[in-house]
Amino acid sequence: MRALDEKETTMVFEKLFKFTGPNLKHLLERPAVEGPDPQPGRYCLRLHKNRVYYASEALVRRATAIARPRLAGVGTPIGKFTHGGAFHLTVHALDLLAAHARRRVWLKPDTERSFLFGNSVPKSSLARITENTKANDGVVVMSMADVPLGFGIAARSAQDCRKADTNAVVVLHQSDAGEYLRREEELM
């Protein structure tokens, strides 16, 4: 387990910024609430086996006592680097993104299942959308009860959604909570 280098940090922050915007600073600057120490410090990002983890500094200090081959992970895995060097957010980052997201999309209750099966969001499934959403913005997909279901990329702006056909895709699927069941062996 090691700290991210400059290039890796840039890639991770760019991806997180797409969803959180200026709220990104709150992810790392907020005081940690987990860890064995009375004052666990702040949160940090660490890389272990091509996966990026979000953990408190106290937890990272304790994990250094464990040999790398025996360490499964530390903290919350938020994404991974592919063999090609690209960074992808995983479903584990959903809680962090939902808490700090700039833009959200709410689905109608009867269409949530389709999104949880890995499908993109058509306009007919859309209940609400954050007003200032632009095309290619990162959005968190929520149920009407404000439960985060997943995240994706806005295919259309909020204004274009009003004029679009009912079958037009408005959010491109990236990850959803259903992946815990569909890709259980890959996620761990």
Side-chain angles (χ1 to χ4, degrees), residues 12-34 43 45 51-56 73 75-80 87-188:
V12 171
F13 281 174
E14 283 175 355
K15 188 67 79 163
L16 289 172
F17 186 81
K18 190 170 200 164
F19 290 92
T20 62
N23 296 336
L24 176 62
K25 65 181 176 186
H26 299 302
L27 279 176
L28 297 174
E29 291 181 358
R30 69 185 183 127
V33 294
E34 59 190 27
Y43 286 99
L45 297 173
R51 296 193 184 275
V52 177
Y53 292 90
Y54 178 76
S56 68
T76 304
I78 62 167
K80 65 180 182 176
F87 178 73
H88 294 285
L89 288 170
T90 59
V91 67
H92 303 101
L94 180 58
D95 289 335
L96 289 172
L97 294 178
H100 300 285
R102 224 178 2 172
R103 293 176 176 82
R104 292 179 173 83
V105 168
W106 288 266
L107 299 183
K108 294 177 182 173
D110 55 335
T111 61
E112 293 171 5
R113 180 178 284 172
S114 175
F115 180 75
L116 291 174
F117 286 157
N119 298 320
S120 293
V121 179
K123 182 189 175 198
S124 60
S125 299
L126 201 63
R128 287 189 344 224
I129 186 169
T130 305
E131 196 58 41
N132 59 354
T133 304
K134 299 179 193 83
N136 298 321
D137 278 348
V139 294
V140 173
V141 179
M142 311 282 281
S143 70
M144 288 303 289
D146 282 335
V147 175
L149 301 174
F151 54 90
I153 301 296
R156 300 173 184 270
S157 67
Q159 288 76 22
D160 291 344
C161 287
R162 291 188 188 98
K163 304 172 198 164
D165 182 44
T166 57
N167 292 329
V169 174
V170 294
V171 176
L172 300 171
H173 176 274
Q174 277 199 335
S175 188
D176 63 81
E179 286 184 19
Y180 283 117
L181 299 174
R182 290 194 314 269
R183 298 176 44 201
E184 185 177 3
E185 65 280 345
E186 287 179 35
L187 292 176
M188 291 303 175

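Remember, it's a predicted structure, so these values are computed and weren't measured experimentally. Along the sequence shown, the residues carry numbers beginning at 1.
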Drop me the distance from [X]'s [atom1] to [Y]'s [atom2], to the nearest 0.5 angstrom.
X    : Y    : atom1 : atom2 : value
L89  : F151 : CG    : CZ    : 5.0 Å
L107 : R113 : CG    : CZ    : 14.0 Å
T20  : H100 : OG1   : NE2   : 8.0 Å
M144 : E112 : CE    : CD    : 9.5 Å
H92  : S175 : NE2   : OG    : 9.0 Å
L24  : L96  : CG    : CG    : 11.0 Å

So [Y] and [X], do their side chains get closer than 4.5 Å, heavy atoms only?
X    : Y    : result
L116 : D176 : yes
H173 : S120 : yes
T90  : E179 : no
Q159 : E131 : yes
R104 : P148 : no

Which pairs count as salt bridge (charged side-chain N to carboxylate O under 4.0 Å, His left out) when at least one residue sits in residues 20-33, sequence neighbours excluded?
->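 Non-adjacent pairs meeting salt bridge (charged side-chain N to carboxylate O under 4.0 Å, His left out): zero.
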side-chain contact (heavy atoms from CB on, under 4.5 Å) evaluation trace for T111 with V121 = CA-CA 9 Å; T111 61; V121 179; over 6 Å; no
Of all pairs that satisfy side-chain hydrogen bond (donor to acceptor under 3.5 Å, both in side chains), the ones with a partner from residues 136-156, not counting sequence neighbours =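 Output for this query lists R103-D137, W106-D146.
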For T133, does its backbone N or O pair with a side-chain atom of T130 as donor and acceptor, under 3.5 Å?
->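 Side chain of T130 to backbone of T133: no pair is present.
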Can you name the closest pair of heavy atoms from [X] and [Y] and give their distance?
X    : Y    : result
I153 : G138 : CD1-CA, 4.2 Å
A101 : V140 : CB-CG2, 3.5 Å
G75  : Y53  : O-CD2, 4.2 Å

Which of parallel (below 30°), tilted (30 to 60°) and perpendicular (above 60°) describes Y54 and Y43?
->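 Parallel, since the angle between the ring planes stays under 30°.
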Contacts of K123 that satisfy side-chain contact (heavy atoms from CB on, under 4.5 Å) - sequence neighbours left out =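 K123 satisfies side-chain contact (heavy atoms from CB on, under 4.5 Å) with A164, V170 only.
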